[in-house]
Structures are given as C-alpha cells and as structure tokens.
Chemist: 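The structure's right below; bear with me while I get my questions together.
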2 protein chains.
Amino acid sequence: MPIRSSQFYEARAKIARALAHPSRLLLMDALRDREMCVCDLTELVGSDQSTVSKHLAVLKEAGLVSVRKERSMSFYASRCQCLDGFFGCLDTVLKQHIEDQRAVLVG
Amino acid sequence: MPIRSSQFYEARAKIARALAHPSRLLLMDALRDREMCVCDLTELVGSDQSTVSKHLAVLKEAGLVSVRKERSMSFYASRCQCLDGFFGCLDTVLKQHIEDQRAVLVG
DNA sequence: TCCGTTTATGGCAAAATAGCCATAGAGCAA
DNA sequence: TTGCTCTATGGCTATTTTGCCATAAACGGA
C-alpha cells in the first residue's frame, strides 16, 4: 500500500538528485534572479567548463533551469523559486537537529 | 565570488542527497503524520529489511527523521514538514516544463 | 534457557555519478 | 578562409551509491 505510485516518487527523486550536488546548488543560487552564460558560471563554480556544462544539463533535464542561446553563448536562468523556501524550512529543522546532537554530546 | 561558502552548499546537498531516492521519499511520505516501525516500513517499501534500515539511517543522518525505540522495535517519525510545500511548488514548475516539452514536440 | 522477532551493520558486487581531457560544432571577426 | 571564443558531448577513470546476504545484538515469550 504505497502512499502514491512509484512514478510519483521517481519523478520527485529525479528533482532531488538534480539538487544533490553543491555545485548545482551554487548554480541554482546564482541563477535565482538573473540569467548567466556558461562562461561566467564556469568561473563562478571553479570547475572545468565541461563539468559545469554537464551540471547545467542535469538541471535542465530536471526542468529546473531554462536556456536561451544568443550569438555563441548560452544563457541559463532558473525556472523555480522554490529552493529558498524549502531550505529555509529545512534550516529550522537542521538547527534543532544540531542542537539535539550537541545536547546528546554534552549529556 | 561564490554566493555563499562551500560548506553552505555542501550542507544543503547532503539534505538533497538524502531525499534523492524514491524509496526514501516514500518513507518520508509515510512518516509525514505518524510514526512507524521498521517492520511495517519494510513491508511498505518492499525491499529487504537491511536496505530499508540503511535508507532510514540516511534520513536520520540528515536530520530528517527521528527514532524512538520501544521494546525490540524502532519507531521512526518525520522531523520535517517542508516536503509537501516544496514539491507542491515544484509541481507547478514541472507541469509547465512538461507542457513546454510537449509544445516543442508538437511544433 | 531457548527461540522467535526486530533492527542494525559489515561485506560484496553492480550500477550510477563526478570530473577531467579531448574534441567537435557554431558563431563571429579579421 | 583562418583563427578565436563559447558550448556540448564522448570517453575514461575514480568515487559513490545501492541492494542483497549473512550476521550480530537486543528484547520478549515460552
């Protein structure tokens, strides 16, 4: 008696996987309120250009970013404003979790 | 000029990784409004008991669930009510994404 | 005590992910 | 054309993740 179909959870897992890398979270953060080209994003992330392109492809495939091509450049932009609210909600939970852990350590 | 520190994104990536599996999303859904023992969760997920235990350990390590031991059983409960809001927000984005893809296919 | 139940963990093999290099294609300028 | 810039992708290796089996520990009942 799964609560929902396996496709339901698979679709959401795909989104979560797309966000499950610090470089991709940095990309989502940078693209939150402006579009940027791959060249600038590459400098921002500090990895190889091909690596950044592949990270962007993962975000694109998940539907989290859009691309616009102009001249020889690709401009990426965020399609989703959900992350701040989500991680803000999680911050509250995490802070409590850390405090609980500290309490355990302190005894 | 990263927007935030690498630890910032690493911490969030850890949470996203914990959610990046359909079985773990099913577990979070099942535990949303009630606690359950590992035995019942194992039956729900349909994987080996050791597999479910390890999924639960991942969620616990991320601070997303709590455990309470009673008799010989472990009862897990969600520590976070952020998922519904987040995925609800994403649903809107995804529906639009799917529609865009269809529009491209149709031409 | 002995046994059955419940849970966690080590170990292993298969699968997925990550990151780099090399490279190809597109666009633009000289 | 030639060359430079920008981007995407194939290929490869290293790392991580996944899922099962086997097993151990904890607990309770007979």
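Just so we're on the same page: letters track the sequence lines, and every chain starts at 1. Because only heavy atoms are used, hydrogens play no part in the values below, and waters and symmetry mates are left out as well, while side chains stay in.
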Chemist: Taking only residues two or more places apart in sequence or in another chain, which ones pass side chain to side chain contact (heavy atoms under 4.5 Å, CB included) with H21(A)?
Modeler: S23(A), R24(A), H55(A)
Chemist: Round to a whole Å and report the spacing from CG of L56(A) to C1' of dT9(D).
Modeler: 14 Å
Chemist: In terms of side-chain geometry, is the basic nitrogen of R17(B) or E61(B) positioned less than 4.0 Å from the acidic oxygen of its partner?
Modeler: no
Chemist: I need the CD-C1' distance between Q49(A) and dC21(C), as an integer number of Å.
Modeler: 12 Å
Chemist: For K14(B) and dT17(D), what is the distance between atoms NZ and P respectively, to the nearest whole Å?
Modeler: 11 Å
Chemist: Answer yes when D91(A) and R12(B) have at least one side-chain N-carboxylate O distance shorter than 4.0 Å, and no when they do not.
Modeler: yes
Chemist: Taking atom C1' of dG19(D) as reference, at what distance in whole Å does atom CG of L26(B) sit?
Modeler: 16 Å
Chemist: Within residues 69-78 of chain B, find the residues that approach DNA chain D with a heavy atom at under 4.0 Å, and present them sorted by residue number.
Modeler: R71(B)
Chemist: Roughly how many Å is it from CD in E10(B) to P in dT16(D), rounded to a whole number?
Modeler: 11 Å
Chemist: Using a strict SG to SG cutoff of under 2.5 Å, would you count C89(B) and C82(A) as disulfide-linked?
Modeler: yes
Chemist: Could you pull out the closest heavy-atom pair between L31(B) and Y76(B), with the gap in Å?
Modeler: CD2-O, 3.3 Å
Chemist: Between R32(A) (side chain) and Q81(A) (backbone), is there a donor-acceptor pair under 3.5 Å?
Modeler: no
Chemist: Return yes if some donor-acceptor pair links the side-chain N/O of T42(A) with the main-chain N/O of V38(A) below 3.5 Å, else return no.
Modeler: yes
Chemist: Without decimals, in angstroms, what is the distance between L27(A) CG and dT7(D) P?
Modeler: 13 Å
Chemist: Along nucleotides 12-19 of chain C, 5' to 3', which nucleotides get a B, which get an S, and which get a -, given that the test is a protein heavy-atom distance under 4.0 Å?
Modeler: -----SSS
Chemist: Can you tell me how far P of dT17(D) sits from CD of E61(B), to the nearest Å?
Modeler: 12 Å
Chemist: Is R68(A) reaching over with its side chain to a backbone N or O of S74(A), donor-acceptor style, under 3.5 angstrom?
Modeler: no
Chemist: Please name the pair of heavy atoms, one in A16(A) and one in A20(B), separated by the smallest distance, quoted to 0.1 Å.
Modeler: CB-CA, 3.7 Å
Chemist: Of all the choices, dA8(C), dC6(D), dC21(D), which nucleotide is nearest to the side chain of S50(B) once you look at every atom?
Modeler: dC21(D)
